[in-house]
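Here's the structure, in structure tokens; my notes come after.
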Amino acid sequence: MARTDPDARAEELHAARRPFVRAVVVRVERPTSAKPGDRALILPDGTIEGFVGGVCAESTVRLQALDLLESGESTLLRITPAAAETVKSHEGLTEVANPCLSGGTVEIFLEAVIPAPLLHVLGDTPVARALARIGAALDYDVRPTTEPDAPIAPDAAAVVAASHGRAEEAVLAAALRAGVPYVGLVASRRRGPAVVAALDASESDKARLHTPAGLDIGAAGPAEIALSILAEIIESRPRHRAAKDTPRKDTPRAATDPVCGMSVAVSAASLHLEHAGTTWYFCNPTCRQSFAEEPGRFLA
């Protein structure tokens, strides 16, 4: 089977605005199947493209990578059978005890590659142009347009109408219905509420619209108004989890392999098995086979 060039694949993912984690083996203590320079990309669904070790190491890499996609951080991952604690994190180093390893230790640098926040700007006004200019300086992916029917990217972080009354209702309503996190309207305190009242949107969606857009910092002139809008976008964006061990309120990220006790990512890409109405996850095929042959032994 032909192997995909990791660099070319990373460029493809970047162009498609798909997040991923880049993994590079930087050091090993033999015996290990991986060697320094081995590389892989880990996608949000847990898929691993490339090679950074056997199935046991892959299981740990997958779980840690999915955490990094949540936090946006990077780390040096050390997988070793000799760690005193199951998982230990300290200043950029995450050490994981993995009893399933063949006896060696592998160190892998994991870099979270998150797409730049996308800012959709309607208008060709001084404020719209300043938003494009300053947003680009902040590494935003700015998409300026004068077409009110221009499609809004599904992962847009913000939509701002700065067209001074030109065809702004359609893009505002579309952004609210699409659930864009920040929707702003550049308008006076008198005109803004009138525009909001006329929008084809629910009352709860209308309440999410920021008008006049921007924090009240005494901005004067297009550049300062644009700066105040970008500051409000930053202020209102979701925060990354403060720590990787912060409990999640939705679907659990990890499950425990009932055979060896390892933490395993809950994803379709992980080894799993249905038994008595429950999905069980495993770090390697041997654990899964052992469980399949005699589940009662591990569930007692």
Side-chain angles (χ1 to χ4, degrees), residues 6-7 9-11 13-14 17-30 32-102 104-117 139 237-248 250-257 260-267 269-270 281 283-284:
D7 292 334
R9 178 60 171 152
E11 287 296 324
L13 293 170
H14 178 74
R17 294 185 52 79
R18 293 183 61 188
F20 62 94
V21 168
R22 193 192 322 267
V24 181
V25 178
V26 296
R27 180 177 175 272
V28 300
E29 295 177 13
R30 298 184 186 285
T32 65
S33 55
K35 62 180 184 300
D38 283 340
R39 297 183 291 169
L41 305 178
I42 300 93
L43 308 186
D45 66 356
T47 300
I48 296 179
E49 299 181 0
F51 179 80
V52 288
V55 288
C56 290
E58 272 194 348
S59 174
T60 300
V61 168
R62 177 181 292 112
L63 178 58
Q64 296 299 318
L66 294 179
D67 265 347
L68 295 179
L69 287 175
E70 285 273 324
S71 68
E73 299 172 347
S74 298
T75 193
L76 177 63
L77 172 64
R78 187 169 195 265
I79 308 173
T80 175
E85 301 177 30
T86 304
V87 179
K88 180 181 179 182
S89 299
H90 180 67
E91 295 186 355
L93 171 66
T94 300
E95 187 174 69
V96 177
N98 189 332
C100 292
L101 280 179
S102 58
T105 293
V106 59
E107 296 181 1
I108 305 168
F109 184 68
L110 300 178
E111 176 192 12
V113 182
I114 309 295
D139 291 332
R237 71 186 176 190
R239 300 289 194 268
H240 289 307
R241 283 190 296 153
K244 287 187 290 184
D245 57 353
T246 300
R248 292 172 58 86
D250 50 4
T251 304
R253 173 70 74 201
T256 300
D257 183 325
C260 69
M262 282 289 299
S263 291
V264 183
V266 175
S267 78
S270 298
Y281 293 86
C283 72
N284 68 41

How far does [atom1] of [X] sit from [atom2] of [Y], to the nearest 0.5 angstrom?
{"X": "E95", "Y": "T105", "atom1": "CD", "atom2": "OG1", "value": "8.0 Å"}
{"X": "L110", "Y": "L77", "atom1": "CG", "atom2": "CG", "value": "5.0 Å"}
{"X": "C283", "Y": "L63", "atom1": "SG", "atom2": "CG", "value": "11.5 Å"}
{"X": "T32", "Y": "D38", "atom1": "OG1", "atom2": "CG", "value": "8.5 Å"}
{"X": "R22", "Y": "S74", "atom1": "CZ", "atom2": "OG", "value": "9.5 Å"}
{"X": "I79", "Y": "C56", "atom1": "CD1", "atom2": "SG", "value": "9.5 Å"}

Please assess V106 against V25 for the test side chain to side chain contact (heavy atoms under 4.5 Å, CB included), listing each intermediate value before the final yes or no.
-> CA-CA 7 Å; V106 59; V25 178; 3.9 Å; yes
Side chain R17, main chain A116, donor-acceptor under 3.5 Å = yes
Taking T75 for the side chain and G92 for the main chain, is one N or O donor matched with an acceptor at less than 3.5 Å?
-> yes
What pair of heavy atoms forms the shortest contact from [X] to [Y], and how long is it?
{"X": "S267", "Y": "G46", "answer": "OG-CA, 4.0 Å"}
{"X": "L69", "Y": "P44", "answer": "CD1-CA, 3.8 Å"}
{"X": "A255", "Y": "Y281", "answer": "CB-CD1, 3.9 Å"}
{"X": "S263", "Y": "S59", "answer": "O-OG, 4.2 Å"}
{"X": "G54", "Y": "S33", "answer": "N-OG, 3.3 Å"}
{"X": "A269", "Y": "R62", "answer": "O-NH2, 3.5 Å"}

Working for side chain to side chain contact (heavy atoms under 4.5 Å, CB included), residues L41 and I48 | CA-CA 6 Å; L41 305 178; I48 296 179; over 6 Å; no
Contacts of type salt bridge (Lys or Arg N to Asp or Glu O under 4.0 Å), residue R9, not counting sequence neighbours | E12, E49
Pair I42-T47, side chain to side chain contact (heavy atoms under 4.5 Å, CB included): steps then yes or no | CA-CA 6 Å; I42 300 93; T47 300; over 6 Å; no
Would you indicate whether R27, at its atom CZ, is surrounded by more than 12 heavy atoms from other residues, nucleotides or ligands within a distance under 6.0 Å?
-> yes
When you look at L13 and L43, which way does the side chain to side chain contact (heavy atoms under 4.5 Å, CB included) test go after all the steps?
-> CA-CA 9 Å; L13 293 170; L43 308 186; 3.7 Å; yes
Residues forming a ring-ring contact (aromatic ring centres under 6.0 Å, His included) with F20, sequence neighbours excluded | none
What pairs with D139 under side-chain hydrogen bond (donor to acceptor under 3.5 Å, both in side chains), at least two apart in sequence or on another chain?
-> none
